[in-house]
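The structure appears right after this line, and notes come after that.
Letters A, B, ... are given to chains in the order of the sequence lines, protein chains preceding strands, and every chain is numbered from 1.
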Amino acid sequence: MDSRHIISVLLENEPGALARVAGLFSARGFNIETLTVAPTEDPTLSRMTIVTVGSEGVVEQITKQLNKLIEVIKLVDLTEDKHIERELMLIKVRAVGEQRDEIKRLVEFFRGRVIDVTQSVYTVELTGASSKLDGFIEQVKLTEILELVRTGVSGIARGESALSAPKSRSNNK
Amino acid sequence: MELTGADILVRCLKDEGVDYIFGYPGGAALHIYDALYKQDDVRHILVRHEQGAAHAADGYARVTGRPGVVLVTSGPGVTNTITGIATAHMDSIPMVVLSGQVATHLIGDDAFQEVDALGVTRPCVKHSFLVRDVRDLATTVKQAFYIANTGRPGPVVIDIPKDVTANKTEYIYPKTISMRSYNPTVRGHPGQIKRAAKLLLEAERPIIYAGGGVSLSGGEQELRDLVRHLQYPCTNTLMGLGCYPANDPLFIGMLGMHGTYEANLAMHDCDVMLSVGARFDDRITGDLAKFSPYSKIIHVDIDPSSIGKNVNVDVPIVGDAKRVLADLVSVVKNLEPNPDTNRISAWWKQINSWRSIDCLAFDRDSDKIKPQLVLEKLYEVTKGDAFVTSDVGQHQMWAAQFYRFDKPRRWINSGGLGTMGFGLPAAMGVRIANPDADVVCVTGEASIIMCIQELSTCKQYDLPIKIINLNNRYMGMVRQWQEFFYDNRYSHSYMDALPNFVDLAESFGHRGMRVDNPADVEESLIECMARKDELVFMDFITDQRENVFPMIAAGSGHNEMHLGSTGNGAPQERELA
């Protein structure tokens with residue numbers, strides 16, 4: 001049965017690494033829902049979060065194939081254990097007349113913020129699990145969505161466990 | 001003293017122990033070629049097409065176990081190597097490809113002979129590098145060789161812009177390398193090895209299925225120790241041929257689409273399967289739903305992603321085949337110093353009854369040359385001791401079936417990618433690595449044409465390869481499928497204008513011989529092999545209707561083999577040149 005997985009990848013921050021990951025997914029027909037990547041506190045390392053949907057066997061292959069990439073140092077399937085996921089959304093909606101109060105109430109309810117206002121438009125910032133962002137979109141459908149942008153998921157394990165590079169080894173650079 | 005990037009690159013090759021490289025010059029690589037000119041340690045073989053360079057380096061790597069090295073220029077130079085890189089990648093062959101690139105300030109400007117070398121090669125390399133600074137060059141070369149030849153081997157591309165080869169820096173070649181992101185597992189997990197040993201010792205219908213990974217790891221002796229201690233049947237994949245001696249009574253032949261009856265039925269009926277250095281490729285398994293329904297499977301592979309990819313495995317073991325087999329042998333010997341062969345006597349009886357079918361039988365009384373006969377005689381005349389390369393198609397399967405390889409690294413063919421045109425340039429690399437050995441390229445008239453230009457390279461470097469051309473005037477394997485699955489519609493599987501191969505070989509300065517009578521096959525092969533210093537192109541005019549059997553059609557199970565002979569609808573005779 002297909003299920004949603006959040007795979008967190010620690011990899012060398014080198015040009016071409018992202019292309020290898022993207023190429024791997026397209027070459028092997030794996031599905032990417034979202035992909036985010038940025039350097040970590042150590043500028044030689046990037047942290048990537050990939051959300052994918054697949055059967056157990058497919059997700060096992062995804063993690064093995066990712067591990068096989070030379071730049072990948074470590075990875076973890078966050079959905080195997082307790083974890084936190086967050087995604088940021090910016091959404092621009094038509095806000096005139098009664099809609100203005102209605103949208104403000106909805107934004108408060110979802111713990112978002114209106115970050116830009118004109119006479120007819122609100123721009124809303126909202127952070128949370130992807131399902132929460134989906135829920136908000138569902139509600140504001142009543143009004144007119146002018147533009148919507150999501151960052152894709154970032155994830156981290158709960159508690160003590162941390163995805164970090166082995167300290168002892170250098171990269172000979 | 002500071003050296004130019006080009007001089008550094010050549011010094012790196014020397015310090016890495018590279019004796020030969022295969023290449024073709026061009027603008028972006030000229031500084032490197034100038035550096036080659038100034039020294040004698042690293043010898044350069046000038047091919048006639050960059051694809052030939054990649055296949056030659058591949059052949060060199062397959063027989064030596066050391067990475068083959070390719071040097072080409074930017075743009076078309078590197079794009080021409082792609083088939084060769086992909087061939088090496090599919091068969092896990094260590095290779096380092098050095099490609100010139102336009103100067104760093106021109107990258108991205110669509111400069112003359114510019115191509116995104118890393119981009120176009122990415123899907124078929126183990127790894128690749130673009131060197132932007134001459135100070136990174138030596139470390140990058142060290143990393144490339146390390147990556148290419150450790151873990152599951154594979155090709156690595158280093159793209160080097162022209163200005164990097166001109167810039168200067170101090171030359172320091174790192175003695176060792178370690179990478180935080182790359183540490184292949186070598187030793188198998190002891191607990192898993194113990195589980196595997198117990199499972200093997202409980203088997204009543206065991207089979208050991210060994211692939212190219214055993215040859216790559218140099219684990220043939222450990223495999224023999226295990227098989228002979230247990231007295232279990234052993235089968236090899238196309239890539240694994242020679243890793244277990246074909247003449248050993250415990251060897252039951254190749255398995256898979258054109259494998260033997262006994263090997264495939266044993267795979268189907270076994271209760272315990274040990275797979276080592278093989279990857280359950282579709283040509284091996286046939287229909288996965290029908291694959292080996294009664295067996296518990298132990299899978300040893302250095303690449304974790306090979307395990308569980310196509311077939312569910314009961315005992316996965318990640319590690320180097322040689323090391324894991326050595327550990328497995330010692331655990332098995334500890335558990336059972338004298339295994340009880342009664343446990344498997346009924347199984348051997350069954351296997352021997354399958355064997356008695358003689359699935360590789362062919363018509364020995366034909367008035368046409370049967371390709372099987374040529375290969376059988378080739379085996380006899382060379383006493384099984386030649387290095388045999390092949391192209392792709394029917395001739396490849398017949399060579400695999402009829403040339404009995406007792407040693408690893410003797411059978412050089414493109415198993416995974418199935419690259420026509422591989423055989424001749426690969427044979428060049430094999431011969432350069434073994435300057436006194438008999439090197440034979442078994443090919444067909446369609447395959448050989450694909451890299452025929454390398455006959456010129458063979459002349460320049462005095463490479464007396466023996467080309468066994470099984471000329472049936474058809475792309476035989478394509479035609480065979482059209483006969484079986486397309487109702488004898490032979491769509492574009494023949495060429496209406498073939499060259500006279502004897503004249504062609506002679507125009508390149510070699511010797512050509514045409515043989516069209518079965519009675520002349522053996523004698524002509526003896527003469528061919530006796531001409532030690534000449535490249536001999538043997539054009540065998542073979543029976544056009546011959547098909548490769550046994551055959552498991554794609555999508556069938558191992559127990560659904562065709563043993564038959566050619567039926568109705570045989571192809572129409574085609575003219576010779």
Engaged part of [X] at the chain A interface, taking heavy atoms whose separation is under 4.5 Å:
X: B:Asp303; value: side chain
X: B:Lys142; value: neither
X: B:Arg135; value: neither

Based on non-hydrogen pairs under 4.5 Å, which of A:Arg20, A:Glu71, A:Gln65 is most in contact with chain B? A:Arg20
Is the [atom1] atom of [X] crowded by more than 12 outside heavy atoms at less than 6.0 Å?
X: B:Tyr173; atom1: OH; answer: yes
X: A:Asn31; atom1: CG; answer: yes
X: A:Lys74; atom1: NZ; answer: yes
X: A:Leu88; atom1: CG; answer: yes
X: A:Glu56; atom1: CD; answer: no
X: B:Asp110; atom1: CG; answer: no
X: A:Arg150; atom1: CZ; answer: yes
X: A:Arg113; atom1: CZ; answer: no

Testing the 3.5 Å rule here: is there a donor-acceptor pair between the side chains of B:Ser305 and A:Arg28?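 Side-chain D/A pair, B:Ser305 to A:Arg28: absent.
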Report which part of A:Gln61 has an atom under 4.5 Å of a heavy atom belonging to chain B: side chain, backbone, both, or neither.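 Contact with chain B is through the side chain of A:Gln61 alone.
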Non-hydrogen atoms of chain B under 4.5 Å away: do they reach the side chain of A:Ala19, the backbone, both or neither? both
Among B:Ser128, B:Gly151, B:Pro123, which residue forms the greatest number of heavy-atom pairs with chain A at distances under 4.5 Å?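 Greatest number of close heavy-atom pairs with chain A: B:Ser128.
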Enter the distance from A:Glu60:CD to B:Lys309:NZ here, rounded to the nearest 0.5 Å.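 Taking CD in A:Glu60 and NZ in B:Lys309, the distance rounds to 12.0 Å.
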So, taking the atom named OH in B:Tyr182 and the one named CD in A:Glu12, what distance separates them when rounded to the nearest 0.5 Å?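 So the OH of B:Tyr182 and the CD of A:Glu12 are separated by 14.5 Å.
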Which atom names give the shortest non-hydrogen contact between A:Lys64 and B:Ile307, and what distance separates them? NZ-O, 2.6 Å
Under a 4.5 Å cut-off applied to non-hydrogen side-chain atoms, are B:Met179 and A:Ile70 in contact? yes
